[in-house]
Amino acid sequence: MSQKRVLFSLVAILVIAATLLAACQPAATQQAATQPAASGEKLAVGIVLPTKDEPRWIQDETRFKEALSAAGYQVEILFSQGSSAKEKENVKALLTKGIKVLIICPQDGTAAAAAVEEARKAGVKVISYDRLIRDTDAVDYYVTFDSIAVGAQQAQYLVDNATGKGNPLYLYAGAASDNNAFIFFEGAWGVLQPKIADGTFVIKNSSEAVALQDKPKLTRDEMARIIGQVTTNWDFNTAKNLAEANLTATTAADKGTVYILAPNDGTARAIADAFAADKDVTKYYVTGQDAEKASVQYILDGKQSMTVFKDVRTLVKDAISAAVALLEGKAPAAKGSYNNGKIDVPAIQSPVVTVDKNNVKEALIDSGYYSASDFTGLQ
Ligand code: BGC
């Protein structure tokens, strides 16, 4: 599609969204809405995001606000702050306000089922946003990135930078409560496993992964066993402590030039800091995802090797289009589906891009995603 057409479609979506969201009503305390609604007006769409404590979800908040306020309106966005109980309260609060569509990124994919079942009972359409809500039929649509590709691109980066045999490999994963952690790991394993089998890499920090290293494809339970050993829980401190513990448990012979599968940018920086501080680590390659500003700076500074850029503007646009379709009683355009353990959820997924120091300027600055003044050392 030409840039003009993309812009045109976006404007068209925003105009429709604006009309449908014209009744948005601000919540008293916790959200971003500032536009007062006339009494009796109902909030059409509510958004629930996992936490304000990770820059990734602030990116989503910002892009939602940009997309909706560009058309003159703001939307109500609530954060669950890492708590499924808070998430449920947020959903209830939005239901009380009369929302027709709920866009929700679950804190815990399985625990969120109860909250969206309440929404379903209230006649509200549910869009699972970025993370899939599991084991329920109360999900109408799933808007996501190509998460298999995220893991595959991370792994490919490590493969592309490895020569010879016996390279030390350290594996880390996301939270087991997040379906994406499995998909990222599955994508990475598909690329890494043949290179473990042929001796290019040697796993250093997971006996469960070593026990399964001859299997090209893992079941969910098998992945759960590995993730159980190498989870960061999507948390900076957990990641740092685990990396430090791994480095303490291994010897100098397990270090030198090392290869690290880190699941996202926050954990990549934590793990990178730990490896950088180990005197026996002479060089490390570490992956990431999200193109968080702090990690873009780490890449520019040579402290993180790559990130996987997921253009949140696309996800937001897809979510708004889906909400608009659902509000109009139509089925949103789907390209395939994801099984959530109970049903196949119709889905749309966006592509992702590998970014390292060679294309960081082109991918993130020249594209207008970030401004150059946010960083130092850009060439
Ligand atoms: C998202 C990532 C994010 C991670 C931690 C995943 O579900 O897809 O972008 O880094 O959660 O919040």
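Indexing begins at 1, ligand by ligand and atom by atom, following the structure's order. What's counted below: heavy atoms across the whole structure, side chains too, no hydrogens, waters or symmetry copies.
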Peer 1: Students should be able to answer this: which protein heavy-atom is nearest to atom 6 (C) of ligand 1, and at what distance?
Peer 2: D178 OD2, 3.3 Å

Peer 1: So which heavy atom on Q304 is nearest to which on S295, and how close?
Peer 2: OE1-OG, 2.8 Å

Peer 1: Hey, any chance L364 and V308 share a hydrophobic cluster, counting ILVMFWY side chains that come within less than 4.5 Å of each other, even indirectly?
Peer 2: yes

Peer 1: Considering non-hydrogen atoms of the protein only, which is the closest contact for atom 11 (O) of ligand 1, and what is the distance?
Peer 2: R131 NH2, 2.9 Å

Peer 1: Please say which of F64, Y141, F145, W57 ends up in a ring-ring contact (aromatic ring centres under 6.0 Å, His included) with Y129.
Peer 2: F64

Peer 1: Consider ligand 1: state whether an atom of it lies below 4.0 angstrom from any non-hydrogen atom of F184.
Peer 2: yes

Peer 1: Need the ligand 1 atom indices (1-based, order shown) with element for anything under 4.0 Å from a heavy-atom of K310.
Peer 2: 1 (C), 2 (C), 8 (O), 9 (O)

Peer 1: By number and element, which atoms of ligand 1 are closer than 4.0 Å to a non-hydrogen atom of W57?
Peer 2: 1 (C), 11 (O), 12 (O)

Peer 1: Would Y285 and D356 count as a side chain to side chain donor-acceptor pair (under 3.5 Å) here? Give the steps.
Peer 2: CA-CA 11 Å; Y285 291 90; D356 70 359; over 6 Å; no

Peer 1: Could you list the atoms of ligand 1 found under 4.0 angstrom from a heavy atom of R56?
Peer 2: 1 (C), 2 (C), 8 (O), 9 (O)

Peer 1: Flag yes if V230 and V191 sit in one hydrophobic cluster, no otherwise; membership is Ile, Leu, Val, Met, Phe, Trp, Tyr, and two members link when side-chain heavy atoms are under 4.5 Å apart.
Peer 2: yes

Peer 1: So which atom in L94 and which in V48 form the shortest heavy-atom distance, rounded to 0.1 Å?
Peer 2: CD1-CG2, 3.6 Å

Peer 1: Around atom 1 (C) of ligand 1, find the nearest protein heavy atom and jot down its residue, atom name and distance.
Peer 2: D130 OD1, 3.5 Å

Peer 1: Taking only Lys NZ, Arg NE, NH1 and NH2, and the carboxylate oxygens of Asp or Glu, determine whether R63 and E66 approach each other closer than 4.0 Å.
Peer 2: yes

Peer 1: Any idea which protein heavy atom is nearest atom 9 (O) of ligand 1, and the distance to it?
Peer 2: D290 OD1, 2.6 Å

Peer 1: For atom 12 (O) of ligand 1, what is the closest protein heavy atom, and at what distance to 0.1 Å?
Peer 2: E54 OE1, 2.4 Å

Peer 1: List the closest protein heavy-atom neighbour of atom 4 (C) of ligand 1: residue, atom name, distance to the nearest 0.1 Å.
Peer 2: W234 CE2, 3.5 Å

